[in-house]
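Each chain gets a letter, A, B and so on, in the order its sequence line appears, and its residues count up from 1.
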Amino acid sequence: MTLRLHDSAAGAVRDFVPLQPGRVGVYVCGATPQGSPHLGHVRAQVAFDVLRRWLTATGHEVTLVRNVTDIDDKILAKAAEAGVPWWAHAYRFERDFAAAYDALGVLPPTVEPRATGHVPEMVELIGRLVERGHAYPAADGSGDVYFDVRSWPQYGELTHQDLADMEPAADADPRGKRDPRDFALWKGAKPTEPASASWPTPWGRGRPGWHLECSAMAGRYLGGRFDIHGGGLDLRFPHHENEQAQSRAAGDGFAQYWLHNHFVTMAGEKMSKSLGNVLGIPNLLREHRAVVLRYYLVSAHYRTALEYSGTSLVEAEAAYSRLEGFVRRTAERVGPHVAPGEVPAEFAAAMDDDLATPAALASLHEVARRGNQALADGTDEQLLTAYRQVRAGLGVLGLDPLSEPWVSRAGTSDAARDALDVLVRARLEERAAARAARDFATADAVRDSLKNAGIVIEDTSTGARWTLEGEQ
RNA sequence: GGUGGAGUGGCCGAGAGGUUAGGCAGCGGCCUGCAAAGCCGUCCACACGGGUUCGAAUCCCGUCUCCACCUCCA
C-alpha cells in the first residue's frame, strides 16, 4: 500500500513519491500573527500534523517547516491602531498561536522561521527574478518591486486559471505596475510607516510583500525543490499561486505536491473575523478538553468543510470518551508497560487513501468494540491486540490518552492524584462494605457524595474504579 | 464573468454501481441491588426531475440551492 495524496495542482489524488526515498520535506503556511488563533487556524495545523505523524509512522524522516509571517499590512495597521510597536504586536500573537498549537497536541515543526529573519534570502530571490526578467522595480519610484505575471506563461497553473480571466490584484498602488495583475515582491518604505519596518535592499528600503517570505524560507530550509506544501484552501490564490510562480520563475522546482485543507464552517459559512463567527481557542478550551477539540477536528476529512454546531464538541467528547475509556480501562487491567503496537490494516488503508481520518477513526471504534467484548469475556490476547491497535491508531492521530502530551496533562499532579486516590479508595471500601451488607442507602450516599465532588464511580468485575468527571 | 467544491438518516460525518461506514442522540434488551460503563438489537438516509443498468446515493442529462477563491484570510 502506498500513500496517495490529493494534489491541488493536479486536481487529483496521486501516489506520493518523495524526492528522496525515506525523506520528506514539508512546508506548511503558519500564522500571520495579527490576531488571536481560532478553530479554523488550528484545524489546518492539526491536519498537517496528522500528515506528518503518518509519514513518520510509515518510516519517513520528515522535515517540517512552518513559517511565521511576522510582518505584513495588517500587522502594521493593527499595531498602529493598538498603539504598540508592530513587532510587539506580532510577537504577542505569535505566542498565542504557539500556545494554541501546543494545547492541541500539534508537534513542534522542525523549524519555525520568521519572515523578518530572512530578508537576505528574499533580496537574493528578488535579484534572481529581476535578472531573469520576471521582476521589475516600480516605474513610479515608490521602491516597490513587482513580479511580472505576463513574463511567466505558467502563471495560474496551480489554480487552473487563465490570466485573462483574473481580476487585478489590489495589493499595491497600481500606478507603478506594468500589469494590474502583477503582485508586489517588495514594498517600498513609506513615510507613514515605522522606520523599524523597513530593510535595505538594492531597490531601496522597504519590507517584504506577502508571498515572498514563503518562497525564500522554503528555499532556505528545504531547498529549491521539496515534496509537499500545505495550507488552507483560501491560500491557494493568490498566495500559493504567487509563491509557486516566483520560485519557479527564479529557477526553483518548488513543491511537488500541494495540499489544501478545508474550513471550519458555521451555518455553512467559513469562520472568519469579518463574519464575526469565530471561535477562539482559549474560549473553547475553557469549556472543552483540548484532546476533544482535536478529536473533533480529525473527525472529518481534511478536504471537506467541517460544520460546527453547539453540540459538536459535546458529541466529540462522547465519541472520544468511548475510545479513551477502552484504553484506560484496559491499561488498568494489563498494566502500564504494554506499548502501542501496529495500527489495524483498515486504519492504514484509510490513512494511505489521502489521510481518510473518518474511516481511520471508524476502524478504531470497531476495534475498541471488540476490545470491550474481550474485556468482558474474551482472552488476554484478544484484549491486548485491540489495545495495542487502538493506541497505535490514536497515536497517529495525536489522540492517544496515554501518550504525550495528554498523559502529562491530567489536570492534577501525580502527587495530588495519589493523595486523592487514597481518600477515594477509603470511601470506596466503605461503599463496598455497605453493598456487601445490602445497605444500599449508605452505598448510594457514598457514590452521590463523590459524584458531587466531581468523581465518577463505575463498578467493574474487578471492583469499583473512579475517574474525574470529564476524563475517562 | 472565471475557477473549484458541496447538497446523505434527529445531528456530525464516510462512501462512490450490488455488501452494516463510524460516532452522537433516541428507542428496546442484556448486565447491575440501582446506576455508570460495556455489549446486543433497532432507527436503513442519500437536493429535485429524467435517463442508462438486472441493479444508482454512487454513471449520464437537466433543474434548484449553497459555499469557497479571484480583496486580508487556515
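- Classified by interplanar angle (parallel below 30°, tilted 30° to 60°, perpendicular above 60°), the ring pair H134(A)/W152(A) is perpendicular.
- Listed nucleotides: rA74(B), rG13(B), rC72(B). Nearest to the side chain of H38(A): rA74(B).
- The phosphate of rC70(B) has neither OP1 nor OP2 within less than 4.0 Å of any side-chain N or O from T159(A).
- In this structure, the OH atom of Y320(A) is 21 Å from the P atom of rG22(B), given to the nearest Å.
- Using a 4.0 Å cut-off between charged side-chain N and carboxylate O, R181(A) and D179(A) make a salt bridge.
- Remark: R303(A) is not in phosphate contact with rG5(B), judged by side-chain N or O atoms under 4.0 Å from OP1 or OP2.
- Taking atom NE2 of H301(A) as the reference point, atom P of rA21(B) lies 20 Å away to the nearest angstrom.
- The pair D459(A)-R431(A) counts as a salt bridge, with a side-chain nitrogen and a carboxylate oxygen less than 4.0 angstrom apart.
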Please list each protein N or O that sits under 3.5 Å from an N or O in nucleotides 67-69 of chain B, with the distance.
| unit_1 | atom_1 | unit_2 | atom_2 | d |
| --- | --- | --- | --- | --- |
| rC69(B) | OP1 | K270(A) | NZ | 2.5 |
| rC69(B) | O2' | F237(A) | O | 3.2 |

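- Residue contacts for V264(A): at a heavy-atom cut-off of 4.0 Å it reaches a base atom on one of the strands shown.
- Using a 4.0 Å heavy-atom criterion, one finds that R333(A) contacts no nucleic acid atom at all.
- The side-chain hydrogen bond (donor to acceptor under 3.5 Å, both in side chains) pairs that include a residue from residues 91-110 of chain A are E94(A)-R114(A), where partners are two or more places apart or lie in different chains.
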*Which nucleotides of RNA chain B pair, in dot-bracket form (Watson-Crick or G-U under 3.5 Å, | meaning another strand)*: (((((((..(((.....[...))).(((((.......)))))....(((((..]....))))))))))))....
Which side-chain N or O atoms in residues 386-400 of chain A pair as donor and acceptor under 3.5 Å with protein atoms at least two apart or in another chain?
| unit_1 | atom_1 | unit_2 | atom_2 | d |
| --- | --- | --- | --- | --- |
| Y387(A) | OH | R391(A) | NH1 | 3.2 |
| R391(A) | NE | D400(A) | OD1 | 3.3 |
| R391(A) | NE | D400(A) | OD2 | 3.0 |
| R391(A) | NH1 | V338(A) | O | 3.1 |
| R391(A) | NH2 | D400(A) | OD2 | 3.1 |
| D400(A) | OD1 | L402(A) | N | 3.1 |
| D400(A) | OD2 | S403(A) | OG | 2.7 |

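- Straight-line distance from the CG atom of D444(A) to the C1' atom of rU32(B): 12 Å, rounded to whole Å.
- Less than 4.0 Å separates RNA chain B from at least one heavy atom of each of the following residues of residues 359-374 of chain A: A362(A), H365(A), E366(A), R369(A), N372(A), Q373(A).
- With sequence neighbours left out, E315(A) forms a salt bridge (Lys or Arg N to Asp or Glu O under 4.0 Å) with no residue at all.
- The aromatic ring centroids of F254(A) and F226(A) lie less than 6.0 Å from each other.
- Residue side chain R435(A) reaches the base of rG33(B) through a donor-acceptor N/O pair under 3.5 Å, judged by distance alone.
- Ring geometry, W258(A) versus H240(A): the interplanar angle falls from 30° to 60°, so the pair is classed tilted.
- R14(A) forms a cation-pi arrangement with Y257(A), by the criterion of a distance under 6.0 Å to the ring centre and an angle within 45° of the ring axis.
- F347(A) has its CZ atom 15 Å from the C1' atom of rA14(B), to the nearest Å.
- Side-chain atoms of R447(A) come within donor-acceptor range of the base of rA35(B), with a qualifying N/O pair under 3.5 Å.
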